[in-house]
Amino acid sequence: MSLTVPVFLLFVDEITVRLFSSFVATQLLFFIGFWMFSPIKVDKIYSFKKKKINLQEIRFIKWFFIVIGFTNIILQLFSYKLVGIPLLAESRLGIYGESGGINNLLKRILDVTFQSHIFLTIFFIYFQKKSLFFKIYTNLSVLLIVAFSVLSGSKGAFMSFGLAFFIYALYAIRWGDFSLFFAIKKFIIKFGVVALIIAMVVISLSEGSGNPLIFLLLRIGQSGDVYYMAYPNNIIDKIPTVNWFIALFGGPLSLLKIIPRTMVPEPMGYFIMQYHNPTVEFRGPNARMNVFSYVYFGIIYSPIYCFFIGAVFSFFRNKLFYLLPANIFGCIVYFLFLNAALKLETDFQTALADFINILVILPFFIFISYYLSLRKINE
């Protein structure tokens, strides 16, 4: 949907040939980079034989579910007390970042634990040999995940659950379980309808829109908002620019005290929004790769940047699938990295933050869970 916007701008003569050529070149190189690794083909996963999960692996994944789940639940409730409920906030995107410090750390931990909690819940929904405790805990997790998703105020929160379910069904083929993947078609429409209804409920509560369906359709149509806010009248050339390395990695560098915080540029979308409407704060369009690369790399080198973005995205989507172990842990890691890679095209900074969160935070929970799993468990 977003790619139709520059084409529309060309038809109505609101984008110069120079900028449109830059858009086409960056998008083309992105797709070429994406073709670096062949897409996953289901029929080629059949070579994997049915694998049994050993006792130690079951112990580990149970403890992982307990540690991740309880951490997510406790921190979600604590965050509501500390910064409020995002659904009721004026700006849910800036609710954690406005105060910094513990708020930012809290958000980073929740980003990892919430996604992992979703995935582990899906696994235990279909895990046959559950004790009474895990049956109750799994059902409670489903209810709390739905509640947290609604209270997040995000219309796309339930899409994370849909993506997690699909990835689990796809990855399960690697350990010989084909049934779930081919059963998806039976209820994918039902899931879509339910997700749409819940999204409209969230819209009604958070946006106060008279017609949530119209608002949802309008939001889909606005997926290319950065294009129609940056390309007309050459607004893109007015965006402040800095060294490309600082633009890409300024956030992590400032956290490591290598550069001062003042050197980190504000999100490009904030500048664009304030240019058009100075009264709006902590909001703005995502700096998609076409606009981001043009500002920081220029019209000549921006296609090269987009090529690398496409190649990296292709690796995490298509290649990593086969490199990770054929078990539920490998499945979780693949899901987390894929979820981060999906944001590379739309928002590099958010994607980079997600990658760092996974690499820094996830090992801690893995270590704790593995240590606990070595102890004898009363089944």
Side-chain angles (χ1 to χ4, degrees), residues 53 56-79 86 96 104-127 130 133-134 137-152 154 156-172 174-175 180 316-317 320-321 323-343 350-373:
I53 304 177
Q56 173 56 29
E57 190 174 327
I58 294 175
R59 288 176 176 172
F60 167 72
I61 210 63
K62 284 182 176 180
W63 275 112
F64 198 40
F65 187 30
I66 293 172
V67 173
I68 283 284
F70 274 100
T71 301
N72 180 61
I73 294 169
I74 293 172
L75 291 185
Q76 286 280 11
L77 297 176
F78 177 69
S79 71
Y96 289 102
N104 187 266
L105 177 62
L106 187 61
K107 181 180 183 301
R108 289 177 180 273
I109 298 175
L110 284 173
D111 285 344
V112 175
T113 58
F114 183 67
Q115 293 182 75
S116 300
H117 192 192
I118 289 176
F119 214 91
L120 289 164
T121 299
I122 293 173
F123 173 78
F124 277 95
I125 287 175
Y126 292 95
F127 187 69
K130 292 194 293 286
F133 168 78
F134 277 98
Y137 183 46
T138 300
N139 293 330
L140 178 63
S141 293
V142 172
L143 295 175
L144 289 175
I145 287 171
V146 172
F148 292 152
S149 297
V150 172
L151 294 177
S152 70
S154 172
F158 289 91
M159 290 301 100
S160 294
F161 189 89
L163 176 63
F165 182 81
F166 175 78
I167 294 301
Y168 173 75
L170 177 66
Y171 207 94
R174 289 202 58 193
W175 59 73
L180 192 56
F316 283 105
R317 182 186 186 274
L320 186 63
F321 180 86
L323 298 179
L324 293 170
N327 54 33
I328 184 60
F329 177 70
C331 190
I332 293 173
V333 174
Y334 176 68
F335 169 69
L336 292 174
F337 277 108
L338 176 62
N339 227 357
L342 285 170
K343 302 172 185 177
T350 300
L352 179 62
D354 284 354
F355 281 125
I356 294 174
N357 293 344
I358 296 168
L359 293 173
V360 173
I361 296 172
L362 188 63
F364 171 78
F365 290 101
I366 293 173
F367 175 80
I368 296 296
S369 302
Y370 182 74
Y371 172 76
L372 293 172
S373 71

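Because only heavy atoms are used, hydrogens play no part in the values below, and waters and symmetry mates are left out as well, while side chains stay in.
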Cut-off 3.5 Å, no hydrogens considered: what does the side-chain donor-acceptor table look like for residues 64-74, sequence neighbours left out?
residue: Thr71; atom: OG1; partner: Val67; partner atom: O; Å: 2.6
residue: Asn72; atom: OD1; partner: Thr113; partner atom: OG1; Å: 3.3
residue: Asn72; atom: OD1; partner: Phe114; partner atom: N; Å: 3.4
residue: Asn72; atom: ND2; partner: His117; partner atom: ND1; Å: 3.1

Side-chain touch Ile358/Asp111, heavy atoms, less than 4.5 angstrom: no
What I'd like to find out is whether the side chain of Ser373 reaches to under 4.5 Å of the side chain of Lys62, using heavy atoms alone. no
First locate atom [atom1] of [X], then atom [atom2] of [Y], and finally report the distance between them rounded to the nearest 0.5 Å.
X      : Y      : atom1 : atom2 : value
Phe316 : Asn339 : CZ    : CG    : 12.5 Å
Ile328 : Phe119 : CD1   : CZ    : 5.0 Å
Ser79  : Leu151 : OG    : CG    : 9.5 Å

Parallel, tilted or perpendicular: which describes the rings of Tyr334 and Phe321, with under 30° parallel and over 60° perpendicular? perpendicular
Pairing residues for [X] by the ring-ring contact (aromatic ring centres under 6.0 Å, His included) criterion, not counting sequence neighbours:
X      : answer
Phe133 : Tyr137
Phe134 : Phe124
Phe365 : none

Inter- and intrachain pairs under salt bridge (charged side-chain N to carboxylate O under 4.0 Å, His left out), touching residues 350-359, at least two apart: Lys343-Asp354
Considering only residues two or more places apart or on different chains, which pairs with a residue in residues 140-149 satisfy salt bridge (charged side-chain N to carboxylate O under 4.0 Å, His left out)? none
Do the side chain of Arg174 and the main chain of Cys331 share a donor and acceptor less than 3.5 angstrom apart? no
